[in-house]
Amino acid sequence: MGAAAHIHSTEDARRLAKLRLPWMVFDYIDGSAGAETGATRNRAALDAMTLRPRILRDVSERQLSTSLFGETVERPFGIAPMGMCNLSAPGADLMLARLAARYKVPHGVSTVASTPMEKIIEVAEGHAWFQLYFSGDGSGSFKLVERAKAAGYKTLVLTVDVPEVGRRPRELRHGFKMPFKIGPRQFIDFALHPRWSLTSLAAGKPQMANFQMPGYNFDRTESRARATWDTLARLRDMWPGNLVVKGVLDVEDALALKQAGVDAVQVSSHGSRQLESAPAPAVMLPEIREALGPDFPIFYDSGLRSGEDVLKVLSAGADFTFFGRSLQFAIAAAGERGLMQLWSVLTDELSTAMAQTGLRHISELDSKT
């Protein structure tokens, strides 16, 4: 029996990944800011949300598809942008891209992806959004925007909640840096996880693939603090497609973004990886929905661990959701089979929760009584 058969929940995937990944890599993926109370607080907020069971409704046929920017997607959840995914396993970026193509859901392609943005959108058959970090003076960032436009991306996601990279003690204790700097501690860590080390060595050291171009050397720790509302206005002028702003946790900011002409906001705490004291996104979501009104698109990520979590935040006002590190854990645990297995688990969890709450289609959330 393969490892994928042992994945029945996101926690199963995480447990298996912890066994297989070097400690440095696992803690990079899994870790949160500070003492990680922000992650605990958001998880508690999600756990406190409940769903209303309904009975004696014909829910024998259920549809999980929904509409996203005028197109039909087969699930109300997609793939959050995650940097250096190929650390979880060689080729992880393209595993996620194939998943996006199969289910016609967006694959968030990180600025710091391990695979060039052009290759990912090709494999994803167009179902890819480019996520942008504004860094330094912005000259390199705007070059990436033009490159994404040329590659055929229709949706740009500007991440605004990292003016400085958050302090995550777990990865700092391991001396985690990109590119890797191998010292005695890291060498021992890799030697104790030979399966990961040998496959990664055979595939070549993961790189920040979008920066393999002349005149642009990316520094992961470079300040992103110069981004302003003028930066957003410039992006709005130069980007003809959908513009999403990710990392919104404040009602006033959400209202200002709507006024500035963005096409959607994404309620997110960056997986609790930046500001430990940030409010729980699950708490802020209903407030932001009330402020923006019923029709403005709101997306959600951070802390989702199940299909029931998806239904909770959709019920609380989100139009679409994204999973992040759980998908990387599934890949680390069992490769592409593990990813497909976890996706099936999330689908089954959502479908079952819909049945138990009397829903036949996601759209019924708007009129549910």
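Sequence positions, counted from 1, serve as the residue numbers for this chain.
Side-chain contact annotation: Asp301 with Ser268, donor-acceptor N/O pair under 3.5 Å present. Judged by distance alone, the side chains of Ser363 and His361 do bring a donor and an acceptor atom under 3.5 Å apart. Side-chain N/O atoms of His174 and Asp27 include a donor and acceptor closer than 3.5 Å.
In this structure, Arg98 pairs ionically with Glu336, as a charged nitrogen and a carboxylate oxygen lie closer than 4.0 Å. A salt bridge links Arg236 to Asp263: one of the charged nitrogens lies within less than 4.0 Å of a carboxylate oxygen. For the pair Asp309 and Arg43, the salt-bridge criterion is met [side-chain N within less than 4.0 Å of a carboxylate O]. In this structure, Arg147 pairs ionically with Glu118, as a charged nitrogen and a carboxylate oxygen lie closer than 4.0 Å. Under 4.0 Å is where a charged nitrogen must lie from a carboxylate oxygen, and between Asp319 and Arg289 at least one such pair does. Salt bridge annotation for Glu36-Arg170: present, with a cationic side-chain nitrogen under 4.0 angstrom from a carboxylate oxygen.
From Leu249, atom CG reaches atom CG of Leu275 across 9.0 Å, with rounding to the nearest 0.5 Å. Between atom CD of residue Gln328 and atom CZ of residue Phe323 there is a gap of 14.5 Å, rounded to the nearest 0.5 Å. The line from CZ of Arg360 to CD of Gln63 is 10.0 Å long, rounded to the nearest 0.5 Å. To the nearest 0.5 Å, atom NE2 of residue His8 and atom CG of residue Asp348 are 12.0 Å apart. Interatomic distance, Leu365 CG to Thr66 OG1, rounded to the nearest 0.5 Å: 9.0 Å. Atom OG1 in Thr50 sits 10.5 Å away from atom CD in Glu308 (nearest 0.5 Å).
A cation-pi arrangement is present between Arg234 and Phe142, with the terminal nitrogen or guanidinium carbon under 6.0 Å from the aromatic centre and inside a 45° cone about the axis. Cation-pi contact between Arg224 and Tyr133: present, with separation from the ring centre below 6.0 Å and deviation from the ring axis of at most 45°.
For Phe26 and Trp196, the ring centers sit 6.0 Å or farther from each other. Centroid-to-centroid, the aromatic rings of Phe69 and Phe299 come within less than 6.0 Å.
Residues passing the salt bridge (charged side-chain N to carboxylate O under 4.0 Å, His left out) test with Arg62, sequence neighbours excluded: none.
Phe296 approaches Leu292 most closely through the heavy-atom pair CD2-CD1, 3.6 Å. Residues Ser302 and Pro281 approach most closely at CB-CG, 4.0 Å, considering heavy atoms. Looking at every heavy atom in both residues, Leu346 comes nearest to Ser306 through CD2-CA, 3.9 Å.
Glu290 CD: 12 or fewer foreign heavy atoms inside a 6.0 Å radius. Other residues, nucleotides and ligands place more than 12 heavy atoms under 6.0 Å from the CD atom of Glu146. More than 12 heavy-atom neighbours from other residues, nucleotides or ligands sit within 6.0 angstrom of NZ on Lys258.
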Counting only pairs under 3.5 Å, give me each side-chain donor-acceptor contact of residues 72-84, with atom names and distances, residues two or more places apart or in other chains.
unit_1: Arg75; atom_1: NE; unit_2: Thr347; atom_2: OG1; d: 3.0

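Remark: of the listed residues Arg273, Lys18, Arg15, Arg14, Arg14 is the sole one forming a salt bridge (charged side-chain N to carboxylate O under 4.0 Å, His left out) with Asp30. Here the options are Gln266, Gln274, Lys246, His270, the test is side-chain hydrogen bond (donor to acceptor under 3.5 Å, both in side chains), and the partner is Asp161; only His270 passes.
Linking Ile, Leu, Val, Met, Phe, Trp and Tyr whenever their side-chain heavy atoms come within less than 4.5 Å puts Phe322 and Met340 in one cluster. The same ILVMFWY cluster, assembled from side-chain heavy atoms under 4.5 Å apart, contains both Met238 and Tyr153. One hydrophobic cluster, built from ILVMFWY side chains closer than 4.5 Å, cannot hold both Tyr28 and Leu19; they sit in different ones.
Using a 30° and 60° split on the angle between ring planes, Trp343 and Tyr103 fall in the tilted class, from 30° to 60°.
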